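Structure record follows, encoded as structure tokens.
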Amino acid sequence: MASPLKSLVIDDNRYQKSFQLFLERSSEHQCMQDFIHNTLPDILASIGDGKSHLNVIGVGSGAGEIDLEMLSQLRLKHPGVTVDNEVVEPSSTQLHQYKVMVSQKPNLDHIKCTWNKMTASEFEEQWRVKKMTKKADFIHMIQMLYYVKDPGATIEFFQSLLDKKGKLLIILVSGESGWGKLWRTYRSQLCNTEISQCVTTGDMKSFLDSKGVSYQSYELPSQMEITECFTEGDEKGELLLDFLTEVLDFSNTASPELKAGVLEVLQHPDCSKESNGKVIFNNNLGVIVIDPQT
């Protein structure tokens with residue numbers, strides 16, 4: 001039976017609001033920054049095969065803060081190279097913010113950005129129609145595989161675009177995170193698979209193992225404070241619940257049973273811990289780095 005619950009992503013305004021609150025409440029960007037500064041440089045050092053021009057594709061780049069962090073690390077490892085940066089992002093709000101940031105940031109003369117206001121699937125379709133033969137040295141898909149119909153097929157397509165020394169970087173919530181527990185328990189009720197998938201790095205590793213694809217993986221510890229979720233009628237709590245469940249106005253549209261069940265799972269030790277009267281959700285991320293097809 002089709003779920004009467006509406007997906008949060010159909011209301012971009014509320015999605016952006018809940019996403020901003022999530023970023024304020026979580027250490028997500030901090031743990032990504034740590035990875036980008038401490039682990040990613042060695043990965044980036046291995047790409048390019050000595051070329052003076054590198055092709056980068058960012059899939060679901062959002063407002064570009066993380067993209068530009070990665071591009072600055074790329075610059076440090078490959079000084080003097082020029083970069084063609086294909087940006088794929090369906091949200092016009094986010095794309096506009098990215099463009100503004102690029103226009104204001106110094107020392108980006110070596111980067112040429114191509115803006116693709118579209119989904120990953122539309123980009124794939126366009127690439128096939130145009131019969132593009134360009135290969136990419138670095139492709140990143142950060143927190144976006146939830147929004148494609150077939151995450152496995154999407155990975156296979158983008159892996160096929162890698163040049164011989166290229167790398168495909170995927171960041172998703174970890175299978176060991178609170179998200180993993182929440183989704184294992186309520187995937188069928190919460191996931192509108194037409195719009196979003198409850199997919200973790202655990203799921204993706206199983207898929208890659210079944211295909212015999214070689215990859216490296218990393219765990220990034222992260223947490224998020226969700227205390228207000230347990231206060232009935234709290235506006236921030238409701239926004240956080242929308243983000244956690246991916247459901248628009250979850251508090252007021254979910255059945256009392258589903259709401260009670262979700263709140264119970266969110267307090268389960270596999271999801272959260274209590275610290276100084278606050279509820280701290282396990283927001284651990286997983287990173288998968290995939291090599292080109294052999």
Side-chain angles (χ1 to χ4, degrees), residues 12 15-16 19-20 23 28-29 32-33 35-37 40-41 43-145 147-148 154-155 157-163 165-171 287 289-290 292:
D12 192 51
Y15 175 80
Q16 298 300 341
F19 179 57
Q20 284 311 315
L23 290 180
E28 169 130 342
H29 270 187
M32 281 193 205
Q33 299 277 12
F35 173 78
I36 288 167
H37 290 264
L40 186 65
I43 296 166
L44 293 176
S46 69
I47 71 168
D49 212 15
K51 292 186 297 193
S52 61
H53 180 80
L54 297 175
N55 292 323
V56 175
I57 304 176
V59 190
S61 288
E65 305 100 325
I66 300 291
D67 284 32
L68 292 184
E69 289 278 346
M70 292 193 290
L71 288 167
S72 71
Q73 292 301 320
L74 184 66
R75 179 78 163 161
L76 291 172
K77 285 294 172 187
H78 300 272
V81 303
T82 53
V83 175
D84 190 3
N85 181 38
E86 291 263 5
V87 178
V88 182
E89 170 55 53
S91 163
S92 46
T93 314
Q94 299 269 54
L95 210 52
H96 174 71
Q97 288 172 337
Y98 195 149
K99 289 178 183 176
V100 168
M101 193 161 59
V102 166
S103 69
Q104 293 172 346
K105 224 175 166 63
N107 306 322
L108 295 181
D109 297 345
H110 64 292
I111 299 173
K112 173 181 168 280
C113 290
T114 306
W115 308 103
N116 301 278
K117 185 193 168 302
M118 58 184 74
T119 63
S121 321
E122 288 163 347
F123 181 79
E124 179 177 343
E125 176 72 11
Q126 179 178 291
W127 196 273
R128 292 187 193 284
V129 167
K130 289 184 175 174
K131 295 187 167 59
M132 300 285 285
T133 53
K134 184 166 108 174
K135 291 290 184 184
D137 300 290
F138 180 52
I139 301 174
H140 53 85
M141 314 168 84
I142 295 179
Q143 293 287 43
M144 59 69 61
L145 278 173
Y147 307 113
V148 298
T154 301
I155 288 177
F157 167 71
F158 282 100
Q159 186 195 17
S160 76
L161 304 187
L162 289 176
D163 210 351
K165 288 272 189 176
K167 296 282 183 189
L168 169 57
L169 172 82
I170 294 164
I171 299 183
V287 179
V289 180
I290 299 177

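Worth saying up front: this structure is predicted, and the values here are computed from it rather than measured.
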To the nearest 0.5 Å, tell me how far [X] [atom1] sits from [Y] [atom2].
X      : Y      : atom1 : atom2 : value
Ser121 : Tyr147 : OG    : OH    : 14.0 Å
Phe35  : Ile66  : CZ    : CD1   : 11.0 Å
Asp163 : Lys51  : CG    : NZ    : 4.0 Å
Leu162 : Ile139 : CG    : CD1   : 4.5 Å
Leu145 : Ile171 : CG    : CD1   : 11.0 Å
Ile155 : Ile290 : CD1   : CD1   : 5.0 Å

**Request:** Please step through side chain to side chain contact (heavy atoms under 4.5 Å, CB included) for the pair Glu69 and Leu40, ending with a clear verdict.
**Result:** CA-CA 11 Å; Glu69 289 278 346; Leu40 186 65; over 6 Å; no
**Short side-chain to backbone donor-acceptor contact, Asn55 and Asp137, under 3.5 Å** = no
**Message:** Quick one, Val81 with Leu74, criterion side chain to side chain contact (heavy atoms under 4.5 Å, CB included). Give me CA distance, side-chain angles, the key distance, then yes/no.
**Reply:** CA-CA 9 Å; Val81 303; Leu74 184 66; 5.5 Å; no
Check whether any side-chain heavy atom of [X] lies under 4.5 Å from a side-chain heavy atom of [Y], and answer yes or no.
X      : Y      : value
Asp67  : Val56  : no
Phe158 : Ile170 : no
Thr82  : Lys112 : no

**Prompt:** Pick from Glu125, Gln126, Glu124: which one makes a side-chain hydrogen bond (donor to acceptor under 3.5 Å, both in side chains) with Arg128?
**Reply:**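 Testing Arg128 for a side-chain hydrogen bond (donor to acceptor under 3.5 Å, both in side chains) against Glu125, Gln126, Glu124 leaves exactly one candidate, Glu124.
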**Prompt:** Residues two or more places apart in sequence or in another chain: which of them pass side-chain hydrogen bond (donor to acceptor under 3.5 Å, both in side chains) with Ser46?
**Reply:** none
**Request:** Only counting residues at least two apart or in another chain, list the ones meeting side-chain hydrogen bond (donor to acceptor under 3.5 Å, both in side chains) with Lys135.
**Result:** none
**Item:** Selection residues 70-81 - residue pairs positive for side chain to side chain donor-acceptor pair (under 3.5 Å), sequence neighbours left out
**Value:** His37-Gln73
What heavy-atom pair brings [X] and [Y] nearest, and what distance separates the two atoms?
X      : Y      : answer
Leu44  : Met70  : CD1-O, 3.9 Å
Glu122 : Thr119 : OE1-N, 2.9 Å
Gly166 : Pro292 : O-CD, 3.3 Å

**Asked** Going by the angle between their ring planes, with limits at 30° and 60°, are His140 and Phe138 parallel, tilted or perpendicular?
**Response**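 The arrangement is tilted - the two ring planes meet at 30° to 60°.
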**Message:** With side chain to side chain contact (heavy atoms under 4.5 Å, CB included) as the criterion, how do His53 and Asp84 come out once you've worked through the C-alpha distance, each side chain's angles and the decisive distance to 0.1 Å?
**Reply:** CA-CA 8 Å; His53 180 80; Asp84 190 3; 3.5 Å; yes
Could you go through residues 101-111 and list every donor-acceptor pair under 3.5 Å that involves a side-chain atom there, pairing it with any protein atom two or more places apart or in another chain?
unit_1 : atom_1 : unit_2 : atom_2 : d
Ser103 : OG     : Val100 : O      : 2.6

**Item:** salt bridge (charged side-chain N to carboxylate O under 4.0 Å, His left out) involving Glu28 - partner list, sequence neighbours excluded
**Value:** none
Solution key, residues 86-96 side-chain donor-acceptor pairs under 3.5 Å, sequence neighbours excluded:
unit_1 : atom_1 : unit_2 : atom_2 : d
Glu86  : OE1    : Asn116 : ND2    : 2.8
Glu86  : OE2    : Lys134 : NZ     : 3.2
Glu89  : OE1    : Ser61  : N      : 3.4
Glu89  : OE1    : Gly62  : N      : 2.7
Glu89  : OE2    : Ser91  : N      : 2.9
Ser91  : OG     : Thr93  : N      : 3.4
Ser91  : OG     : Gln94  : N      : 3.2

